[in-house]
**Q** 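My structure is below; once you've seen it, I'll send some questions.
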Amino acid sequence: MARKAAGRPQEETLSLWKREQALLKTLVVDRDTEAWQRDLAFSGLQRVGGVDVSFVKGDSVSACASLVVLSYPELEVMYEDCRMVSLTAPYVSGFLAFREVPFLVDAVQQLREKEPRLMPQVLFVDGNGVLHHRGFGVACHLGVLTDLPCIGVAKKLLQVDGLENNALHKEKIRLLKGGGDSFPLMGGSGTVLGMALKSHDHSTKPLYVSVGHKMSLEAAVRLTHGCCKFRIPEPVRQADIRSRDYIRRTLGVQGAPALRPERSKKAQRPKACPQGASEEPAGSPSLRAFSAKDGNEPHQKKWPKLQQRIWGRGKEALWEDLVTKCNSIHQGGAGHPPQ
DNA sequence: GCGACAG
DNA sequence: ATCTTGTCGC
């Protein structure tokens with residue numbers, strides 16, 4: 001049953017979402033925090049992850065959320081998790097995370113509980129990081145909520161803060177010589193928001209890389225290039241391929257029985273496949289926030305407690321924290337829990 | 001009414 | 001995001 005698309009959220013909802021972004025943005029770390037990130041060969045890096053959400057064609061609610069983990073530098077799939085979910089929030093440019101991130105956080109949490117040894121050391125996210133309307137794209141959002149280093153990789157330039165896909169921009173793209181070449185994307189404020197990267201020698205369209213969390217832009221661009229067999233970084237590409245395959249195998253057998261569900265050839269076989277409950281309530285709350293009363297410096301040791309605050313409490317308690325924190329950031333009024 | 005619009 | 005076959009090029 002193809003369900004109807006959710007309409008555009010109320011202005012009040014968007015305003016609350018903006019506040020949540022402003023709150024969580026204070027927790028973003030935009031520098032290298034891990035030793036391997038500073039190493040020229042990324043020695044010490046063994047697992048890179050990718051996430052994606054694919055959709056059922058005539059349906060704007062049913063989707064497949066996937067998390068894959070690949071070995072580095074071999075880029076072979078060691079873990080795959082695909083599960084059907086029911087999206088609640090509609091897609092609104094600038095608020096992609098509110099539509100997809102709850103399910104991605106769930107996937108990371110599942111891995112953390114069931115196969116902690118396979119936890120990726122960095123996550124590639126389909127979408128932007130700080131290259132965003134309010135400097136807090138989906139890659140930052142997922143990074144802060146999971147505490148994992150994240151890299152935002154977008155396929156199209158998000159035209160914000162003066163950035164334009166105009167003739168000059170196109171000319172700069174044309175001048176990129178070989179794979180690994182890049183140029184900075186400078187926002188109106190003079191800040192470098194991201195880099196346009198030619199991900200391999202024969203790629204015409206660049207990738208738009210920006211910092212998600214716990215990683216410098218330089219390392220993010222270098223690693224992105226190091227993970228590209230094709231234009232799209234392999235972790236995201238595998239997550240995409242596998243989530244689409246999962247949808248095809250799950251909903252495609254309606255009128256085509258007897259044929260054993262086959263896996264696309266582009267998908268290698270993973271070692272561990274926790275075929276998550278193929279159909280679950282999955283209507284998890286779109287709100288995943290916590291109050292941060294200190295800065296984001298000594299994160300390592302405080303994280304277990306923060307994590308508990310994310311997962312160990314009810315939605316209402318989280319909302320209280322959020323509203324309290326937001327009111328202290330801006331001078332705004334009281335908020336109401338989302339519908 | 002016109003242009004923009006990550007996924 | 002998704003709808004879609006072949007086709008041109010290396």
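Here the structure is a predicted model, which is why all the values come from computation and not from measurement. Heavy-atom basis, side chains included; hydrogens, waters and symmetry copies ignored. Each chain gets a letter, A, B and so on, in the order its sequence line appears, and its residues count up from 1.
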**Q** When we call it a touch if two heavy atoms are under 4.0 Å apart, what does A:Asn128 touch: a base, just sugar-phosphate, or nothing?
**A** base

**Q** Can you name the residues that form a side chain to side chain contact (heavy atoms under 4.5 Å, CB included) with A:Ala63, not counting sequence neighbours?
**A** A:Val53, A:Phe55, A:Val85, A:Leu87

**Q** Decide if atom CD of A:Gln10 counts as having more than 12 heavy atoms of other residues, nucleotides or ligands within a radius under 6.0 Å.
**A** no

**Q** Consider the side chain of A:Glu100, meaning its heavy atoms from C-beta on, and name the nucleotide among B:dG7, B:dC5, B:dA6 that approaches it most closely.
**A** B:dG7

**Q** Taking C-beta and beyond as the side chain, do A:Leu223 and A:Tyr72 meet within less than 4.5 Å on heavy atoms?
**A** yes

**Q** Is the closest side-chain heavy-atom distance between A:Gln159 and A:Asn165 below 4.5 Å?
**A** yes

**Q** Expressed in whole Å, how much space separates the C1' atoms belonging to B:dC5 and C:dT2?
**A** 15 Å

**Q** Tell me whether the guanidinium CZ or amine NZ of A:Arg222 lies under 6.0 angstrom from the six-membered ring centre of A:Phe42 and within 45° of its axis.
**A** yes

**Q** Taking the minimum atom-to-atom distance to the side chain of A:Lys155, which one of B:dC5, C:dA1, B:dA6 wins?
**A** C:dA1

**Q** Can you tell me how far P of B:dA6 sits from NE2 of A:His133, to the nearest Å?
**A** 8 Å

**Q** Collect all protein-nucleotide pairs involving nucleotides 2-7 of chain C in which both atoms are nitrogen or oxygen and the distance is under 3.5 Å.
**A**
residue	atom	partner	partner atom	Å
C:dT2	OP2	A:Arg244	NH1	3.2

**Q** Given the P atoms of C:dT4 and B:dG3, what is the spacing between them in whole Å?
**A** 28 Å

**Q** Is there a side-chain contact between A:Arg8 and A:Leu14 (heavy atoms, below 4.5 Å)?
**A** yes

**Q** Salt bridge between A:Arg83 and A:Asp81, side-chain N to carboxylate O under 4.0 Å?
**A** yes

**Q** Could you check whether the rings of A:Trp17 and A:Phe98 sit parallel, tilted or perpendicular, using 30° and 60° as the cut-offs?
**A** parallel

**Q** A cation-pi test, strictly: NZ or CZ of A:Arg134 under 6.0 Å from the centre of the six-membered ring of A:Phe95 and no more than 45 degrees from its axis. Yes or no?
**A** yes

**Q** For DNA chain B, which ranges pair as stems of 3 or more consecutive Watson-Crick or G-U pairs, with both donor-acceptor distances under 3.5 Å?
**A** none

**Q** Going by 5.5 Å between centroids and 30° between planes, is there a stack of A:Tyr91 over B:dG7?
**A** yes

**Q** With heavy atoms under 4.0 Å as the rule, sort A:Gly152 into base, sugar-phosphate or nothing.
**A** nothing

**Q** Is A:Lys156 near enough to B:dA4 that one of its side-chain N or O atoms lies under 4.0 angstrom from OP1 or OP2?
**A** no

**Q** Any base atoms under 4.0 Å from A:His202, or only sugar-phosphate, or nothing? Heavy atoms, all strands.
**A** nothing

